[in-house]
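Following: one structure in C-alpha cells, then a few remarks.
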There are 2 protein chains.
Amino acid sequence: MSTRVDHEQRRAQIAEALLRIADTQGLQAASMRVVAAEAGVSLRLVQYYFHTKDELLMDALARLSAQLQVRMQKWIAAAGSPPNPRSIVTAILSSILPTDAESRRITRTYAAYYTLVLSEPRLAEQHGTTYPDMLESFLAKQIRAARQSGDVSAERDPELTAAGLLAMTNGLGSSVLGGQRSGEAALAVLSHHLDELFGPAAATDLSPR
Amino acid sequence: MSTRVDHEQRRAQIAEALLRIADTQGLQAASMRVVAAEAGVSLRLVQYYFHTKDELLMDALARLSAQLQVRMQKWIAAAGSPPNPRSIVTAILSSILPTDAESRRITRTYAAYYTLVLSEPRLAEQHGTTYPDMLESFLAKQIRAARQSGDVSAERDPELTAAGLLAMTNGLGSSVLGGQRSGEAALAVLSHHLDELFGPAAATDLSPR
DNA sequence: CAGGATCTGATACAACCGTATCACCAGTCT
DNA sequence: AGACTGGTGATACGGTTGTATCAGATCCTG
C-alpha cells in the first residue's frame, strides 16, 4: 500500500487546472493536453489518474461544488450574530452573486458546465442534482420562520418566494457574467427585493470577516 | 444579378439547421459537416454561403433573436384588450419562459450560445447586446406607469423591480432547462411574484390566440 | 454563340481530439 | 536477490475539426 506520491493531491492538482481553464477559456478549450500543460504534468499522468475525460470532468465538478459550499458556509457563519432569517437569506444569496474574484470564478466555471449538462443530461444524475433543491427548501424554511415571527407578510408563499429569489439571483449572476451589469448593480437589485420582502429595516452588512 | 437560387432562402435553410442542432445536441455538436447533413446540402454549399463558421454562427444567432422578438410581439398583442401594464409585463415574461415547445426550443438554443459568448466576449459586441437592456427599460416603463396609476406600491423602484423580474424569469428558465422543475411550476413562481407586485387582482390569462 | 459569372461536387490538408500501447525506472515485499 | 507493482515518459492510432483547392456544371449577358 505504498505510494511514492499522494494520489489525492495529484488528482486535485489536475482537477484544479481543469477548473482554471474552464473559468478563463471555457470547457471546450479544456482538452486533456491543455489540462496537462496547465497542471505542469505530462499527458500520460492525466490519463493515469483519470482513466477517461468524463471521469476528470466529474471529479472537477465535484470539487467545484464543494468549493461553493465552503464559501456559502463561510458567508452564513459571518452573517451576524445572532443569525436571523433575513441575514441568513441575504448571506446565501449574496455569496452566489459574482461580486468578488472568487465568486466570479466559481460562477463562471459553473456556467461552463451548464451547457454541458444541457446536452448530456446523464451527467446531472451522476452529480448531486439534488443540491439546488436542498438549498431552495432551506431558503423556504428561513422565510417561513420569518413569516411566523411577523417579519414577512403572511401573503407570501415560502416555497414560491424562495424559488423566485434563488432564480433571480442566478439570473442576475448570468447578466453579470454576460457583462450586462456590474456585480454591485446586481447586488443592488437583490437588496431592493430583500428590503421589500422583509421590512424596510436594518442595514445590510455583507461579506465575511 | 441573376441567381439560380434564392440566396437568402438558402442561408436561412442552413442557419435553421444549425439552430436545430444547437437545440437538440448543443452547439459543440454543430460542426460544418453535421450542419450540412441536417440541412440536406453538401459541405461545400455551407462554405459557399458562409465563408467561415463564425459567420454562420452569427447569422444563426441573429435569426434566433428575431424569432424571439416575433414571439414576444405575438404574446404582447394577445395580452388582452385594452392592454394594461400588468398584462403586458405578464405576457413578456411568460413568453420567455420555456413552457411550450417553441419557447423551450428558443431558450435552449440561447443557452447553447451563452457559454460561447462567455468564452468569446467579442461575439457579444458584434451581436445586439443592447437588446436585453431595451427590454429591461421597457419593463421598467410599464411598472412606472402602473405605479402612477396606483396599481403598484410607490416603494418599488421601477428599474430595480424590472431588472429583478427579468433576472428571475431567466433563472427560472434555466432551472426548467436543467430539469429541476417543470415549465408550469416555473410559471407558478412567476405568477406568485406578479400577484404580489400588482394587486392580488384578476385572473392570469396567458398564451396567444 | 462565346464568355464569364454563379453555383455545386469531390477531395485534400494540417491540426487537434481522446485513448491506447510499449518501454522503462524506482521502490517494496517475499 | 529477484519478481512484482506503482508511477512515468514517448509516441502512435483512428477520427473529426475548419478550411482550401481543383474541377465541372449551369445560366445570364453581350
Side-chain angles (χ1 to χ4, degrees), chain A residues 1-22 24-61 112-113 115-117 119-120 122-123 126, chain B residues 1-22 24-61 112-113 115-117 119-120 122-123 126:
Chain A
M1 199 57 56
S2 60
T3 53
R4 292 226 315 128
V5 303
D6 185 351
H7 267 224
E8 163 54 25
Q9 176 186 321
R10 273 262 199 259
R11 287 173 67 96
Q13 172 188 358
I14 295 171
E16 291 295 335
L18 184 283
L19 292 179
R20 229 172 299 135
I21 293 168
T24 56
Q25 299 160 260
L27 263 186
Q28 78 285 358
S31 70
M32 298 288 263
R33 286 165 177 84
V34 172
V35 170
E38 171 73 26
V41 301
S42 72
L43 170 61
R44 181 68 184 82
L45 221 80
V46 178
Q47 287 187 262
Y48 182 75
Y49 288 101
F50 302 95
H51 303 67
T52 172
K53 191 182 183 180
D54 273 23
E55 201 180 317
L56 169 57
L57 244 21
M58 280 300 135
D59 186 83
L61 179 55
Y113 270 99
T115 48
L116 187 68
V117 167
S119 58
E120 214 89 42
R122 60 178 181 80
L123 301 186
Q126 222 162 328
Chain B
M1 197 55 58
S2 62
T3 53
R4 289 231 312 127
V5 303
D6 186 350
H7 267 223
E8 164 54 25
Q9 175 187 322
R10 272 263 198 259
R11 286 174 68 96
Q13 172 187 358
I14 296 171
E16 290 297 335
L18 184 282
L19 291 180
R20 229 172 300 136
I21 294 167
T24 56
Q25 299 160 260
L27 262 184
Q28 78 284 356
S31 71
M32 299 288 264
R33 286 165 177 84
V34 172
V35 170
E38 171 73 26
V41 299
S42 72
L43 169 62
R44 180 68 183 83
L45 220 82
V46 178
Q47 289 186 261
Y48 181 76
Y49 287 101
F50 301 96
H51 302 68
T52 171
K53 190 180 183 181
D54 273 23
E55 201 180 318
L56 170 57
L57 244 22
M58 281 300 134
D59 185 83
L61 179 55
Y113 269 99
T115 49
L116 186 68
V117 166
S119 58
E120 214 89 42
R122 61 180 180 77
L123 301 187
Q126 223 161 324

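Every chain is numbered from 1 and lettered A, B, ... according to where its sequence line falls, protein lines coming before strand lines.
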inquiry  = So, does A:R10 get its side chain near the phosphate of D:dT8, meaning an N or O under 4.0 Å from OP1 or OP2?
reply    = yes
task = Let me know the distance between CE of B:M32 and P of D:dG18, rounded to the nearest Å.
result = 7 Å
task = Select from A:V34 and A:Q47 the residue whose nearest nucleotide in DNA chain C is closer to the 5' end of that strand.
result = A:V34
task = Answer with yes or no whether B:R33 presents, from its side chain, a donor or acceptor under 3.5 Å of a partner atom in the base of D:dG18.
result = yes
key: Euclidean distance, atom NZ of residue A:K53 to atom P of D:dG15 [Å, nearest integer]   = 19 Å
key: d(CD, A:E55; C1', C:dT19) in whole Å   = 13 Å
request  = State whether A:S31 places a side-chain N or O below 4.0 Å from either non-bridging phosphate oxygen (OP1 or OP2) of C:dC16.
outcome  = no
ask   = Rounded to whole angstrom units, what separation is found between the CG atom of A:L45 and the C1' atom of D:dA10?
value = 14 Å
note = Shortest non-hydrogen pair, B:Q25 vs A:S119, comes out as O-CB, 3.5 Å
ask   = OP1, OP2 of C:dA20 versus side-chain N and O of A:H51: anything below 4.0 Å?
value = no
query = If you look at every heavy atom in B:L61 and B:Y113, which pair is closest and at what distance?
reply = N-OH, 3.5 Å
note = Note on DNA chain C: ranges paired as stems (three or more Watson-Crick/G-U pairs in a row, both atom distances under 3.5 Å) are C:4-30 with D:1-27
ask   = Does D:dG18 have OP1 or OP2 sitting under 4.0 Å from an N or O in the side chain of B:T52?
value = no
query = B:Y49 near the nucleic acid: base, sugar-phosphate alone, or nothing, with a heavy-atom cut-off under 4.0 Å?
reply = sugar-phosphate
inquiry  = Less than 4.0 angstrom between a side-chain N/O of B:S42 and OP1 or OP2 of C:dG9, yes or no?
reply    = yes
message = With rounding to the nearest 0.5 angstrom, report the OG1 to CE distance, B:T52 to B:M58.
response = 10.5 Å
message = Here's a test for you: under side chain to side chain contact (heavy atoms under 4.5 Å, CB included), which of B:L116, B:T115, B:I21 qualifies with B:L27?
response = B:L116
query = How many angstroms lie between atom CG of A:L19 and atom CD1 of A:I14, to the nearest 0.5 angstrom?
reply = 12.0 Å
request  = For A:Q28 and for B:L43, find the nucleotide of DNA chain C with the closest heavy atom, then tell me which residue's nucleotide is more 5'.
outcome  = B:L43
remark   = Closest non-hydrogen atoms of B:A17 and B:E38, given as atom of the first, atom of the second and distance, are CB-CG, 3.5 Å
query = If you look at every heavy atom in A:A36 and A:V46, which pair is closest and at what distance?
reply = CB-CG2, 3.6 Å
query = The side chain of A:R44 lies closest to which of these nucleotides: D:dT21, D:dG18, D:dA10?
reply = D:dA10
key: Nearest-angstrom distance from the residue atom CZ of B:F50 to P of D:dT17   = 18 Å
query = Does C:dT8 have OP1 or OP2 sitting under 4.0 Å from an N or O in the side chain of B:Y48?
reply = no
ask   = Within this structure, what is the NE2-to-C1' distance between B:H7 and C:dT6, rounded to whole angstrom?
value = 7 Å
